[in-house]
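This is a predicted model, so every value here is computed, not measured. In what follows, chains carry the letters A, B, and so on, assigned in the order in which the sequence lines appear, proteins first and then strands, with residues in each chain numbered from 1.
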Amino acid sequence: MAMERYNPKQAETRWQRIWEEARIFETDNDSPDPKYYVLEMFPYPSGRIHMGHVRNYAMGDVVARYKRARGFNVLHPMGWDAFGMPAENAAIQNKVHPRDWTYANIDAMRRQLKSMGLSLDWSREFATCDVEYYTQQQALFLDFLAAGLIYRRNSKVNWDPVDMTVLANEQVIDGRGWRSGALVEQRELTQWFFRISDFAEDLLVSLDELDQWPEKVRLMQKNWIGKSEGLTLRWEITDPAEAGGATDIEVYTTRPDTLYGASFLAIAADHPLARDLAAKDPAIASFCDQCRRAGTSLAALETAEKIGFRTALEVVHPLDPAWTIPVFIANFVLMDYGTGAIFGCPSGDQRDLDFARKYNLPVTPVVMPADADAASFVITDTAYVGDGVMINSRDLDGLSPDQAFAQVASRLETRTLGNAPQAARKTNYRLRDWGLSRQRYWGAPIPVIHCEDCGVVPVPVADLPVKLPDDVTLDRPGNPLDHHPTWKHVTCPNCGKDARRETDTMDTFVDSSWYFARFTAPRHATPTDPAVASAWLPVDQYIGGIEHAILHLLYSRFFTRAMRLTGHVDLKEPFRGLFTQGMVVHETYRSGKDSKGEWIAPAEVEITEIDGVRTARHARTGEPLVIGSIEKMSKSKKNVVDPDDIIDSYGADTARFFMLSDSPPDRDVIWTEAGVEGAHRFVQRIWRLLGEASANLEGVRAGTGTGGVALAVSRSAHKTVKAVGEDIEKLAFNKAVARLYELVNTLAAPLSEVAAGKAEPELRSACKQAADMVVQLIAPMMPHLAEECWKMLGNTGMVATTRWPDYDPGLVTDDQVTLPVQINGKKRGDLTIDRNADQAAVEAAVLALDFVRAATAGKPPRKLIIVPQRIVNVVI
RNA sequence: GCCCCUUUGGCGGAAUUGGUAGACGCGCCGCACUCAAAAUGCGGUUCCGAAAGGAGUUCCGGUUCGAGUCCGGAAGGGGGCACCA
């Protein structure tokens, strides 16, 4: 019987409509079934989905459909991370309103996502720029403000001169704005901050409990939080008059053990003492200015020399009143870490050593490797930073650095200088508070009012939302809300006097820090329905790109803690399982020979392969092209493949299946035309094999084979059910795919027999069962094809609402096992024996094997290792 | 500079976590169908060798009856942080 080729276009739209009409993916918050929350990082509505989205959402959908089939009440929502700069840029370039641009993009992308056949609960959809969403975000802001989790302070900020906005530290990459790429400048502004640093310790220790997160992400967060344990230590100034009355300088150190190696103190150019000195001394003032200027770009820092200015000040060594040490102002000391002052121990720190060599300061080794010789150990041009034993440190000599640390710390803690302890143990974190103010239009307005008399007045909850005005001019630099004619002029809610609205909006990372909670009750009148949110959360499986390993994930963890303190949820960690998927990459092509030519899109390239050498030509002009490296799909390199084109020519199932095959999901996947075609061949193969057999399977009851081919068919089917389930649980989609190929290959011959009408009833019955299983197993990955085949096989209902098949444990283990037999660790043959054969039986059988007898020459082996059901090793 | 990960056929990758290396896919080769091609089906495909056999998981060394897997060192590739005291 000739089968027609499977027509995905027609079938896919039909099933998408059927699913939608049956509303089977809309989730009931009151279901008695156990919950499972699977979430993919929601997209920014840039206008079109890309292959990275396809990969991300295909993975999430496999999990969602699988868990649903396993009897879970699955929450699988979708929304839009819709505030942000690109909308404003588009508005300036194309003269469209950011709102119109954003919502038009959302409509286009929603249509694209729907064409993928994702099992999403679209009834919960929202965009973060919806008034309803940011109203609730403003309510959260007010609660956080009342709880002391937000504060305002004057601070030096990273200013992006192109986007005309402030950037968080995390948004500055190599000294440039993460979006504009412009060199970031330093400015003083009054900004709002989240007190994320108050949570540093909790955010750090809780990482240990996130055992379903990639180790790599946990490590990156750990490094980002950057805990260090040390000592703050005050050094007495010998001549307070010279220091403008200051009596001591406080430094922060993690190495008090190296105190006897100290040869200078250095303070930041912005240190109060440096400012005092600068006010009196023009040379110091100009040096400090130089430091600040150089400090504006990190790029400059990389090459910047360590420079210092030796002041007239000297300080007394804490452990020896007769010992004084010079004080420098240095460009490498940061005012906002520790105390803005350090002591330098050149022998134990490379940077201090370079500085000491430059300014001819003493270099005394104080730690040496345990096996070195104290008399001859010297530091030349490399500092010794390792562990070992103390030397040249008087009473500390012979101790380990750890012991020396403890001794110095406890000695100086109990000593007083002035009327306070000279030193205190202190833990420091690199993590800074999160500045959330942005001087932009397209973001959630910060709901406060500035009154001359009352100060900062929160907008009363009853007055929310603070809505963005529609009529704005965006083609002027600066903050559009600030130069709106009327919007900011309000009366003070407290005293009724004229007052001014806060014109800053919130960082878009705020929007994405709690959307997962909002999905649990997306239309609720408060930010969350606490009972519902606490029941659904944490997200059981969160899937997205590694690029959010620090920013978004750390902010969300902070937000969940803050929402807990303000009663919106009852948990600390928002994401129990995290999976970071790899990128979709593609070969690049260029015209011309010298790799300076234009980039050419894959759709225009024709590849030919002769004797393993691939050459590329332009499909239209025939011009030879250079095949370049494989890189992340990007518009600039034109190596993008449009999901729409692929879905149009191969169907969504093929696109989804290919994205799940071949590469492990956490690694990059190379998009190749050949790979897609392979996936599509499999779609057609399943359709043809099942279709041709289906006529002879009509009315056949599914059953398990008991012997011969029928038993073999049932064995492979049941084994595959077990394996695919386990692989999906582990998100090892590539392995699940391989299992499916294997099963279909095994079923090809028996199904052909059925199609030819030559199969016995038992084989037909086993084939019907196996065919049903194949369909159920492919359903999470290729849901449309699965529905189509399910119907063709005469089944009722939808696969999408069918329970996952059970396997018979008796069928997944074979009665006989084939053990490899090694002689001295080299495989020399096999032994097929009863699975449950005991040690003695295996031993006897092994020794009876011809090649074993030949090798042992009648003598008993020196050793016989039998690993049950695994392997045998005969040692002679 | 510091920290982390990674290295398996022509290619993407499997290998029950110390037990038959190369599952599955791509590519390639052969055969069938066809006047022919495409499509499809069947078979082969780590390397050397006609075969018997031997070698083989980046390299060097170690532990073990047995190492892709564990330990020590080197090299290549990728990523994160980066004046953090």
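- In the set B:A55, B:G66, B:U20, B:A55 carries the atom at the smallest distance from any side-chain atom of A:Lys826.
- For RNA chain B, none of the residues of residues 422-429 of chain A falls under the heavy-atom distance limit of 4.0 Å.
- In terms of the salt bridge (charged side-chain N to carboxylate O under 4.0 Å, His left out) criterion, residue partners of A:Asp248 (sequence neighbours excluded) are, by chain and number, A:Arg234.
- Among the heavy atoms of the strands, none lies under 4.0 Å from A:Thr672.
- Taking the ring centroids of A:Tyr650 and A:Phe658, they lie at or beyond the 6.0 Å cut-off.
- Nucleic acid contact class of A:Tyr337 (heavy atoms, under 4.0 Å, all strands): base.
- With sequence neighbours excluded, no residue forms a salt bridge (charged side-chain N to carboxylate O under 4.0 Å, His left out) with A:Glu229.
- Residue A:Arg432 places its side chain closer to B:C84 than to any other of B:A85, B:G19, B:C84.
- Note on ring orientation: taking the six-membered ring where Trp is involved, the planes of A:Tyr337 and A:Tyr252 are perpendicular (angle over 60°, cut-offs 30° and 60°).
- With sequence neighbours excluded, the residues that form a side chain to side chain donor-acceptor pair (under 3.5 Å) with A:Arg685 are A:Asn745.
- Counting non-hydrogen atoms under 4.0 angstrom, A:Glu742 reaches the backbone sugars and phosphates but no base.
- When heavy atoms are screened at a 4.0 angstrom cut-off, A:Arg218 is found touching no nucleic acid atom at all.
- Scored by the side chain to side chain donor-acceptor pair (under 3.5 Å) test, A:Asp387 finds no partners at all (sequence neighbours excluded).
- Scanning for salt bridge (charged side-chain N to carboxylate O under 4.0 Å, His left out) contacts around A:Glu631 gives A:Lys637, with sequence neighbours left out.
- Between the side chain of A:Arg351 and the base of B:C84 there is no donor-acceptor pair of N/O atoms closer than 3.5 Å.
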Q: Starting at the 5' end of RNA chain B, write a dot or bracket for each base, bracketing those in Watson-Crick or G-U wobble pairs whose two distances are under 3.5 Å and using | for partners on another strand.
A: (((((((..(((......[....)))((((((.......))))))(((....)))..(((((..]....))))))))))))....
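- Between A:Thr818 and B:U20 there is no side-chain polar atom (N or O) within less than 4.0 angstrom of OP1 or OP2.
- Ring-plane geometry between A:His317 and A:Trp235 is classed as perpendicular, the angle between the planes exceeding 60 degrees on a 0 to 90 degree scale with a lower cut at 30.
- Scored by the side chain to side chain donor-acceptor pair (under 3.5 Å) test, A:Lys227 finds A:Glu201 as partners (sequence neighbours excluded).
- Checking B:C81, B:A85, B:G54 against every side-chain atom of A:Arg430, the shortest atom distance belongs to B:C81.
- Checking B:A85, B:G19, B:A55 against every side-chain atom of A:Val333, the shortest atom distance belongs to B:A85.
- Two rings, from A:Trp213 and A:Phe579, have their centers 6.0 Å or more apart.
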Q) How does each nucleotide of nucleotides 4-17 of chain B score, in 5' to 3' order, for protein heavy atoms under 4.0 Å: base (B), sugar-phosphate only (S), or none (-)? A) S-------BSSSB-
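- Aromatic pair A:Phe264/A:Tyr359: centroids not less than 6.0 angstrom apart.
- With sequence neighbours excluded, no residue forms a salt bridge (charged side-chain N to carboxylate O under 4.0 Å, His left out) with A:Lys216.
- Residues satisfying the ring pair (Phe, Tyr, Trp, His ring centres under 6.0 Å) criterion with A:His718, sequence neighbours excluded, are absent altogether.
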Pairwise N/O distances under 3.5 Å, protein to nucleotides 40-46 of chain B:
from  : atom 1 : to       : atom 2 : distance (Å)
B:U40 : O3'    : A:Arg688 : NH2    : 2.9
B:G41 : OP1    : A:Arg685 : NH1    : 3.0
B:G41 : OP1    : A:Arg688 : NH2    : 3.0

